[in-house]
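Before any comments, here is the structure.
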There are 2 protein chains.
Amino acid sequence: MRIYLKISRQLESDIRQYFRPGDYLPPEMQLAERFQVNRHTVRRAIDELVANGLVQRHQGKGNMVLRQPHLYRLHDGAHFTGNLLEQGSLPSCQVVGSRLMAVTGKLAVELNIEPEQKIVHIQTLRTTEGIPRCVINHYLSDPEWWPVLKHFRQGSLHEFLRKTLELELKRESTRLSARAPSNEECRLLQINKSVPVMRIKTRNQLKGSNQIAEFSVSSSRSDLIEYVVEH
Amino acid sequence: MRIYLKISRQLESDIRQYFRPGDYLPPEMQLAERFQVNRHTVRRAIDELVANGLVQRHQGKGNMVLRQPHLYRLHDGAHFTGNLLEQGSLPSCQVVGSRLMAVTGKLAVELNIEPEQKIVHIQTLRTTEGIPRCVINHYLSDPEWWPVLKHFRQGSLHEFLRKTLELELKRESTRLSARAPSNEECRLLQINKSVPVMRIKTRNQLKGSNQIAEFSVSSSRSDLIEYVVEH
DNA sequence: TCCCATTTGTACGTATGTATG
DNA sequence: CCATACATACGTACAAATGGG
């Protein structure tokens with residue numbers, strides 16, 4: 001009994017042997033044909049793989065292999081370690097999206113500005129060795145920076161600000177927490193709900209001023225990243 | 001469209017209003033009747049709640065409510081905030097257990113001592129307002145401290161060391177990560193597997209020496225604790 | 001022990017919606 | 001606009017676990 005578990009195990013074995021991250025599985029109908037079951041049974045089997053973070057569904061395209069299954073118990077060994085102080089100025093970040101937006105309640109509090117005011121939102125993703133590690137949402141209080149910031153594509157945001165707008169940012173506060181990932185974080189970081197994310201919120205002031213220029217929230221994969229504090 | 005999401009949200013709201021942890025939801029057939037949908041659609045809706053850790057399925061019995069959903073959005077409001085620098089010397093800790101033990105591989109590395117050597121292990125629990133917040137495992141490298149340390153019952157371990165053994169400890173390194181909780185942590189912190197824990201590992205040296213005197217691992221409930229770093 | 005009603009779990013089938021290329 | 005492939009929703013049937021008689 002429990003055909004879907006057998007199929008799930010078979011698919012996992014297939015993935016390990018014949019597939020590489022980024023490959024697509026055969027269509028569900030084809031798998032149903034091969035295993036001589038209904039398509040729903042194949043879907044149930046793939047549900048297991050999705051829940052274990054091996055596969056990602058893409059409507060209209062197919063089911064993509066994410067990574068080799070042995071990778072997701074990686075933490076105990078040698079793993080990527082970030083430095084807490086360099087958060088927000090990571091050099092190897094790619095911009096996922098950027099826009100002008102109206103501030104909502106909590107962001108207004110963090111940035112210490114009035115509601116409804118426009119701010120700049122930039123979302124970046126840090127990927128190393130082809131694996132997404134960390135997604136950062138930057139919120140910048142001054143909409144006049146938008147014409148320049150909209151051209152920011154990659155690298156260190158703080159360095160970009162220094163070079164293009166001659167702005168020096170200074171860390172005002174850092175707060176650390178952990179969470180189950182949001183759906184968006186699951187997608188961007190290629191994880192499932194069972195992998196917690198570490199969340200770091202920072203507030204940065206303009207040097208020589210008390211005004212908060214930037215508020216950032218970074219979420220890192222807890223299975224791949226550990227932060228160190230310098231003493 | 002996406003009826004199951006609407007039903008899922010409705011059920012979550014119902015749970016918040018009318019159910020307590022340990023209660024069972026109405027049978028799936030009954031919910032299907034109420035929402036005028038097929039039972040599978042109700043199941044799909046409950047799948048969402050299960051994935052978010054609100055509900056547990058029990059075959060033959062029913063679907064049990066695990067906890068109130070607002071608990072895991074508690075983080076944004078006024079909540080307990082710890083200071084990262086005071087970790088390991090929290091004044092309001094109770095000793096759960098203490099013992100002499102032989103070091104295992106990883107602990108030997110952290111303490112920088114030979115395997116098989118005896119060390120002191122003390123486990124403490126920080127409970128405030130009747131709610132367990134944080135469990136800390138202290139590992140001390142010198143077994144000669146055991147006759148004194150075994151009398152440690154509560155308060156700040158670092159203060160106890162200073163007063164009874166005249167030892168001054170100095171933070172050497174701090175590392176932060178996040179994890180799904182272990183079974184023991186679930187028990188001590190009164191949470192389930194869906195609430196991540198933040199983990200802080202510290203190494204402390206004897207002042208004026210390079211030797212690691214203490215290695216500690218603290219695990220805090222991520223739904224109740226946020227850490228701040230002093231700049 | 002056995003039976004039975006209830007309730008969840010699995011598997012099948014069919015149809016239609018939606019995203020991709 | 002079309003074919004392909006995944007997403008959602010309906011329906012039916014039976015298996016498996018639970019708890020009571």
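Chain letters run A, B, ... following the sequence lines, proteins first and then strands; every chain starts at 1.
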Considering only heavy atoms from C-beta outward, does the side chain of R126(A) approach that of I136(A) to under 4.5 Å?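 Result no, sub-4.5 Å side-chain heavy-atom pair not found.
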
For a 4.5 angstrom cut-off between non-hydrogen side-chain atoms, does I119(B) reach F215(B)?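 With C-beta onward as the side chain, the pair stays apart.
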
Stepwise side chain to side chain contact (heavy atoms under 4.5 Å, CB included) test for V197(A) and R199(A) | CA-CA 6 Å; V197(A) 292; R199(A) 200 159 287 178; 3.8 Å; yes

inquiry  = Just to verify, what does E28(A) make a salt bridge (Lys or Arg N to Asp or Glu O under 4.0 Å) with, not counting sequence neighbours?
reply    =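 For E28(A) the salt bridge (Lys or Arg N to Asp or Glu O under 4.0 Å) partners, ignoring immediate neighbours, are R39(A), R43(A), R57(A).
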
Determine: side-chain N/O of [X] to OP1/OP2 of [N], distance under 4.0 Å, yes or no.
{"X": "R57(B)", "N": "dT8(C)", "result": "no"}
{"X": "K61(A)", "N": "dT4(D)", "result": "no"}
{"X": "N63(A)", "N": "dC6(D)", "result": "yes"}

query = So, for F19(B) and Y24(B), which heavy atoms are closest and what is the spacing to 0.1 Å?
reply =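 Minimum heavy-atom separation between F19(B) and Y24(B): CE2-O, 3.5 Å.
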
- Task: May I ask you to check whether over 12 heavy atoms, not counting those of Q10(B), lie within 6.0 Å of atom CD?
- Result: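 Enclosed: over 12 neighbouring heavy atoms sit under 6.0 Å from CD of Q10(B).
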
Worksheet item: What pairs with F35(B) under ring pair (Phe, Tyr, Trp, His ring centres under 6.0 Å), at least two apart in sequence or on another chain?
Response: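 Partners of F35(B) under the ring pair (Phe, Tyr, Trp, His ring centres under 6.0 Å) test: none.
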
Without decimals, in angstroms, what is the distance between [X] [atom1] and [N] [atom2]?
{"X": "R2(B)", "N": "dA19(C)", "atom1": "CZ", "atom2": "C1'", "answer": "12 Å"}
{"X": "K6(A)", "N": "dT10(C)", "atom1": "NZ", "atom2": "C1'", "answer": "14 Å"}
{"X": "H58(A)", "N": "dT18(C)", "atom1": "NE2", "atom2": "C1'", "answer": "16 Å"}
{"X": "M64(B)", "N": "dT18(D)", "atom1": "CE", "atom2": "P", "answer": "14 Å"}
{"X": "Y24(B)", "N": "dT18(D)", "atom1": "OH", "atom2": "P", "answer": "10 Å"}
{"X": "Y4(B)", "N": "dA7(D)", "atom1": "OH", "atom2": "C1'", "answer": "8 Å"}
{"X": "L5(A)", "N": "dA16(D)", "atom1": "CG", "atom2": "P", "answer": "14 Å"}

Worksheet entry | Any donor-acceptor N or O pair under 3.5 Å, side chains E214(A), H138(A) |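 Yes, H138(A) and E214(A) have a side-chain donor paired with an acceptor closer than 3.5 Å.
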
Among all residues two or more places apart in sequence or in another chain, which pass the side-chain hydrogen bond (donor to acceptor under 3.5 Å, both in side chains) test with R9(A)?
->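 With neighbours one apart ignored, the set is empty.
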
**Asked** Does NZ or CZ of R44(B) lie under 6.0 Å from the centre of the six-membered ring of Y4(B), at an angle within 45° of the ring axis?
**Response**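 Ring-cation test returns yes.
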
Check: Q59(A) side chain, dA5(D) base, donor-acceptor under 3.5 Å
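In this structure, the two groups form no donor-acceptor pair.
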
Note to self: With the threshold set at under 4.0 Å for non-hydrogen atoms, list the residues of residues 25-32 of chain A touching DNA chain D in residue-number order.
What the structure shows: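 The answer is P27(A), E28(A).
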
Item to check | Sorted by number, the residues of residues 35-47 of chain A with heavy-atom contact under 4.0 Å to DNA chain C | outcome: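 Per residue number, the list reads V37(A), N38(A), H40(A), T41(A), R44(A).
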
On the 0 to 90° scale, with breaks at 30° and 60°, tag the H121(A)-Y139(A) ring pair as parallel, tilted or perpendicular.
->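 Rings of H121(A) and Y139(A): parallel, under 30°.
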
- Message: Please report the end-to-end axis angle for the helix from dC2(C)-dG21(D) to dG21(C)-dC2(D), five pairs per end, rounded to 10 degrees.
- Response: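 Angle reported: 20°, given to the nearest ten degrees.
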
